[in-house]
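Naming: A, B, ... by sequence-line order, numbering from 1 per chain. The shown structure was predicted, so the numbers you read here are calculated from the model rather than taken from an experiment.
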There are 2 protein chains.
Amino acid sequence: MEMKSVIRSLRVLEAVAQHQPVTVGELTKIFGLPKSTVQRTLVTLAEAGWLRANRKDTTRWEIGARVLAVRPAALQGSSLYAAAREPMVHLRDTLNETIHLSVPDALQCVVVVDRVDCDQAVRTFINIGDTSPLHATATGRAILAHLPRADVEELVARGLERFNDSTPADAAALLAELDRVRADGYAVNLNQYRPDVCAVAAAILDSDGTPLAAVAVSMPASRYQPDRLPKWGRLVADTATEISARRLGA
Amino acid sequence: MEMKSVIRSLRVLEAVAQHQPVTVGELTKIFGLPKSTVQRTLVTLAEAGWLRANRKDTTRWEIGARVLAVRPAALQGSSLYAAAREPMVHLRDTLNETIHLSVPDALQCVVVVDRVDCDQAVRTFINIGDTSPLHATATGRAILAHLPRADVEELVARGLERFNDSTPADAAALLAELDRVRADGYAVNLNQYRPDVCAVAAAILDSDGTPLAAVAVSMPASRYQPDRLPKWGRLVADTATEISARRLGA
DNA sequence: CACAACGTTCCATAATGTGGCACGGGCTAG
DNA sequence: CTAGCCCGTGCCACATTATGGAACGTTGTG
């Protein structure tokens, strides 16, 4: 409602990130704004260090380095990030599936902040920065299971979007699943968000028990084997515990 | 010169990143702006998803997750980032010193984008997002050595800031050093930028030979041993080569 | 209990961003 | 070779938009 120029500038920044390196003309088509407005916005963002002209084609714009100094608190000082790296690589080596690290964003969603790829020919593909709903994914529920009951109810009150038949439909189903997550120490998602994607996740906790993030192993549904779940769940949970411990020890 | 509100909003965003979680009052002290202006800016940034209220203390603001979807092209798809991780950990394990990954920012500076810590009691401390000049650091010169002569001259023309007596003073000194870097395959920095910090770095190249980034091992000057330089240089250069290869293979 | 400090809201003011237009350079088709 | 086109860039009168002082409500403290 306020500061339209700021909001618009940030949208432009996001568009540049998506299409970089991009020209003024391309952006005017995306936004339907006058050329001069887009141009001015780009110059301003560049002046602030958030954008820069491409070195090879100076009429194309790309994201500048300033962006890297601005990171969510969970990643600040790289404590979570650095602590997670080696355990994630180890888990990938053990399971040979893609491993993700995600952080919650204010009860809205979880965001993928890091990824370790496997070398399978068929594998899940999720980008750093991608978001997904808390209630419909293994990562989200691993985190939800460690949040106060009130927060879960707030989330339920906002409505649980369904992505297909297996997405938890109501508060009861979700709460029962969260109980199971707490009992087992890991969360599971079988095609409940993206079709054909299964995942097993566990929460990374702060010293006071607050869930800071979650690690997950995700795979195509075709490679999911129910009988291996207890073992995989334990491995993921152990990885999360190891990361929590390293973060606090550092 | 233009769009003051946008520039100011970005400064506020950066300040929040530095001090998060932070209150309106603290920010007004930092900027000397009226409370209402800061407040409005914060709400606007939050509306755009770049900021959010802290969950535990809703009067404190912190960086939102949206930021993570906006990354420089060099890191896009995380190919560099993911490719670099394991070789960096391996190098750290071999040398037990802090390892950095940095990317150049448009002939202006290099930015640290990743870090693997060692467990030494005394160690170098550089944050992700920190920037340093191209001509005065090992990382910068490792990259400069692989840029066209014209680019180096452009940089020289802009002037070479000196940080202490050992910083390269003129074009001749810098060009001679770059020749040495190309011959040896690694760059060295002995207290030329930050006092008491030594580093050995090597460039990570794209398929066409463009330098995309550089890996560096950095250590307190007290642990630098000249006789080990050839061996360390070779290890760092091998790590850079390995990262280049992994990135292209992926 | 009263004061102080803080986050939040409101609104008249003018400063600020807007976008139509025009310029110049590079590219392509005739 | 040149005419026509498209693109990035710079300008400027207009009015939309952000500004910041002042007032309000709440919290915690002496």
Write down the distance between [atom1] ([X]) and [atom2] ([N]), rounded to a whole number of angstrom.
X: M3(A); N: dG17(C); atom1: CE; atom2: C1'; answer: 13 Å
X: D57(A); N: dC27(C); atom1: CG; atom2: P; answer: 11 Å
X: L33(A); N: dG17(C); atom1: CG; atom2: P; answer: 16 Å
X: L27(A); N: dT9(D); atom1: CG; atom2: C1'; answer: 15 Å
X: I7(B); N: dT16(C); atom1: CD1; atom2: C1'; answer: 13 Å
X: L42(B); N: dG7(C); atom1: CG; atom2: P; answer: 10 Å

Query raised in the report: Closer than 4.0 Å, any side-chain N/O of S5(B) to the OP1 or OP2 of dA18(D)?
Result: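 No, because none of the side-chain N or O atoms of S5(B) sits under 4.0 Å from OP1 or OP2 of dA18(D).
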
Query raised in the report: dT8(C) phosphate, OP1 or OP2: any side-chain N/O from Q39(B) under 4.0 angstrom?
Result: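 So the side chain of Q39(B) is within the cut-off, an N or O lying under 4.0 Å from OP1 or OP2 of dT8(C).
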
Query - Any pair counted as salt bridge (Lys or Arg N to Asp or Glu O under 4.0 Å), so long as it reaches residues 19-31 of chain B, sequence neighbours left out - result: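 The answer is E26(B)-R60(B).
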
Taking only nitrogen or oxygen atoms into account, show me every contact under 3.5 Å that the protein makes with nucleotides 21-23 of chain C, one pair per line with its distance.
none

**Report entry** Name of the residue among I7(A), T41(A), T44(A), T37(A) meeting side-chain contact (heavy atoms from CB on, under 4.5 Å) with V12(A)
**Finding:**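 Of the listed residues I7(A), T41(A), T44(A), T37(A), the side-chain contact (heavy atoms from CB on, under 4.5 Å) partner of V12(A) is T41(A).
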
Query - DNA chain D: 5'-proximal contact among T58(A) and V6(A) (nearest heavy atom) - result: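 Comparing both residues, the 5'-ward one is T58(A).
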
Counting N and O atoms only, with roles assigned by atom type, does the side chain of [X] sit under 3.5 Å from a partner on the main chain of [Y], one being a donor and the other an acceptor?
X: H135(A); Y: V156(A); value: no
X: R115(A); Y: H100(A); value: no
X: Q20(A); Y: R71(B); value: yes

Query raised in the report: With a 4.5 Å limit on heavy-atom distance, are the side chains of T124(A) and R194(A) in contact?
Result: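 The answer is no; the side chains never approach within 4.5 Å.
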
Query raised in the report: T59(A) has a side chain; which of dG20(D), dG8(D), dG7(C) sits nearest to it?
Result: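 So the nucleotide nearest the side chain must be dG8(D).
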
Query raised in the report: Of all the nucleotides listed (dC6(C), dG8(D), dG21(D)), which has the minimum atom distance to the side chain of K29(B)?
Result: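 Ranking dC6(C), dG8(D), dG21(D) by closest atom to the K29(B) side chain puts dC6(C) first.
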
Query raised in the report: Got a sec, which residues hit side-chain contact (heavy atoms from CB on, under 4.5 Å) with S5(A), two or more places apart in sequence or on another chain?
Result: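 With neighbours one apart ignored, the set is S5(B), V6(B).
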
Query raised in the report: If each of E26(B) and R40(B) is mapped to the nucleotide of DNA chain C with the nearest heavy atom, which maps nearer the 5' terminus, i.e. the 5' end?
Result: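 On the 5' side of the pair lies E26(B).
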
